[in-house]
Amino acid sequence: MKLVIQGGNALRGSVKISGAKNAALVLIAASAIARGEVILDNVPRIADVEHQLEIVQALGGRVEWQEQGRLLLSWPDQLDVALPYHLAKKLRASNLFLGALAARVGQARMPLPGGCDIGFRPMDLHLKGLNAMGFDVELEHGFINVKAREPRGGRIYLDFPSVGATENIMMAAVGVPGTTIVENAAKEPEIVDLASFLVGAGATISGAGTDLIKIEGHPAASRGVGNSGETTRFSVIPDRIEAGTYMIFAAAAGVEVTIENVISRHLQPVIAKLNDVGLEVAVGEDSLVVKRSGPLRATDIKTLPYPGFPTDLQSPMMALLCLAQGTGVISENVFDNRFRVADELKRMGAQIRVKGHLAVIEGPVRLLGAQVKATDLRAGAALIVAALAGEGETEICQAELIERGYEKVAEKLCALGASIKYVD
Ligand code: EPZ
């Protein structure tokens with residue numbers, strides 16, 4: 001699948017942000033912990049969500065899409081604990097069933113997960129956490145086997161505030177008796193969303209959003225939380241990464257764009273950097289107005305865990321810095337192989353030097369339409385940034401990678417005045 005973009009159109013108007021991919025994926029797994037039905041609202045219809053739902057069905061769960069963005073999930077008492085290889089390999093977030101199944105049935109079996117090739121992505125922190133809570137953890141032949149031995153709360157210090165490890169430990173801890181403390185926990189908004197959902201389903205969690213999270217497990221909790229007759233209703237937070245991406249689209253090719261359905265405080269590090277680049281950002285209750293009124297200025301970016309600048313917006317920002325006056329330096333501190341888009345941007349005329357976890361971008365350059373390839377989801381978004389501001393036609397190959405995380409991107413950009421379409 002290819003995306004074909006004719007550059008040079010000015011973007012104007014408003015765009016509505018969808019529910020957060022990285023919250024929806026963990027909430028779908030966490031639904032296994034609630035004894036009763038779960039109704040999730042504001043769930044984006046993107047490929048990664050569809051893959052995660054295939055796993056729910058393979059494990060015996062029921063999935064039903066209701067009206068726009070509303071998802072009904074329910075699980076039988078007896079469910080399968082082994083994730084099929086062909087499904088788990090499709091996305092990294094399949095690893096979030098580890099904590100959910102450990103909480104619900106005290107065991108899980110899964111292949112090491114797949115996902116975007118953005119660097120070395122071990123699971124040592126996840127497994128260390130489960131082990132500290134009395135689960136036997138085995139890694140053999142590329143599979144992870146987790147089995148409750150003497151499940152009980154534990155104290156876990158994370159060497160790195162990993163999002164996935166924090167989520168898996170929080171879920172598993174709901175299903176073991178006693179108190180679990182997670183130190184140096186990840187503080188991303190998606191973690192807070194997961195904790196709010198679990199508390200709504202009957203769990204006891206405090207400190208989510210800080211680096212110290214406390215989970216009071218329930219003695220008999222290893223059969224899920226809440227009552228089988230109860231329905232847990234929850235609405236997924238807006239996608240701060242999708243919102244940040246549209247802010248960068250507007251910075252690259254916009255005049256004035258209103259971004260609706262956002263939680264502005266989740267975007268503070270992004271707003272600050274776009275102000276540095278020379279963009280006006282007016283912050284409203286649940287919307288942002290992004291205005292571009294002059295040339296862009298180069299700035300430096302350091303990616304860090306939340307509330308630092310998000311690594312998921314690093315590639316789109318790299319494309320934007322190609323259009324800015326001066327030299328910008330990006331240091332990528334979360335993943336060790338997330339500059340692959342640089343070579344594709346260079347095909348369009350970008351001046352970028354990469355050395356280890358540093359990239360130096362010289363600008364402004366004239367970006368010229370070309371045939372390029374999306375190497376991962378966010379690299380794909382970066383190529384759209386370059387194509388919108390570029391001269392002539394750009395063809396982005398492997399565009400299905402973009403569909404993994406951006407709902408209706410061509411439709412939304414068309415509504416803002418872009419010339420963009422999918423072709424087979
Ligand atoms: C989540 O991935 C997101 N994915 C990623 O978004 C995001 O880039 C990342 O967090 C960081 O913000 C989902 O939520 C589904 P990590 P996750 O565990 O949980 C190292 C996107 O584009 N680490 O916080 O996999 C790891 O190697 C995706 O939407 C260990 O060393 O990220 C990495 O360098 C891409 N051992 C760093 O921590 C572990 O056991 C951050 O990884 C776990 C992680």
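Everything numeric in this text was worked out from a predicted model, so none of it was measured. We count ligands from 1, going down the list as the structure has it; atoms in each ligand are counted the same way. Values reported hereafter were calculated over all heavy atoms of this structure, with side chains retained and with hydrogens, waters and symmetry mates removed.
- Scanning Pro122, Ala379, Ala93, Ser162 for the heavy atom closest to atom 39 (C) of ligand 1 points to Pro122.
- With a 4.0 Å cut-off on non-hydrogen atoms, Ile118 touches ligand 1 through its side chain and not its backbone.
- The part of Asp312 lying near ligand 1 is the side chain, judged by heavy-atom distances below 4.0 Å.
- Salt bridge status for Lys128 with Asp159: present, with a side-chain N to carboxylate O gap under 4.0 Å.
- By the criterion of a heavy-atom distance under 4.0 Å, neither the backbone nor the side chain of Glu190 is placed next to ligand 1.
- For the pair Leu377 and ligand 1, the shortest N or O to N or O distance does not fall below 3.5 Å.
- Residue-ligand proximity, Arg338 to ligand 1, at heavy-atom distances under 4.0 Å covers atoms 8 (O), 22 (O), 35 (C).
- Counting heavy atoms closer than 4.0 Å to ligand 1, residue Tyr306 contributes nothing at all.
- Close contacts of ligand 1 with Gly164, meaning ligand atoms under 4.0 Å from a residue heavy atom, involve 18 (O), 19 (O).
- Side-chain atoms of Glu260 and Ser287 include no donor-acceptor pair closer than 3.5 Å.
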Practice item. Walk me through it: do Asp136 and Lys147 pass the test salt bridge (Lys or Arg N to Asp or Glu O under 4.0 Å)? Key: CA-CA 5 Å; Asp136 280 335; Lys147 197 160 179 26; over 6 Å; no

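- The atoms of ligand 1 that sit less than 4.0 Å from any heavy atom of Met123 are 40 (O).
- In the model, Gln314 has no side-chain atom that pairs as donor or acceptor with a side-chain atom of Thr303 under 3.5 Å.
- Residues forming a side-chain hydrogen bond (donor to acceptor under 3.5 Å, both in side chains) with Glu407 (at least two apart in sequence, or on another chain): Ser18.
- Residue Lys21 touches ligand 1 through its side chain alone, judged by heavy-atom distances below 4.0 Å.
- Of all heavy-atom pairs spanning Val409 and Ile402, the tightest one is CG1-CG2, 4.1 Å.
- Between atom CD of residue Glu190 and atom NZ of residue Lys21 there is a gap of 9.5 Å, rounded to the nearest 0.5 Å.
- No salt bridge links Lys373 with Glu344; every basic N to acidic carboxylate O contact stays at or beyond 4.0 Å.
- Checked options Val192, Ile181, Ile191; the residue passing with Ile213 is Ile191 (criterion: side chain to side chain contact (heavy atoms under 4.5 Å, CB included)).
- Considering backbone and side-chain atoms alike, Arg378 places an N or O below 3.5 Å from some N or O of ligand 1.
- Less than 4.0 angstrom separates some heavy atom of Phe120 from each of these atoms of ligand 1: 27 (O).
- Counting heavy atoms closer than 4.0 Å to ligand 1, residue Val163 contributes atoms from both its backbone and its side chain.
- At a 3.5 angstrom cut-off on N or O pairs, Thr311 does not count as close to ligand 1.
- Close N/O approach between Val334 and ligand 1 is found [any backbone or side-chain N/O within under 3.5 Å].
- Near Phe160, the atoms of ligand 1 lying under 4.0 angstrom from a non-hydrogen atom of the residue are 37 (C), 38 (O), 41 (C).
- If you run side chain to side chain contact (heavy atoms under 4.5 Å, CB included) between Leu73 and each of Ile39, Leu40, Thr232, Leu27, only Leu40 comes through.
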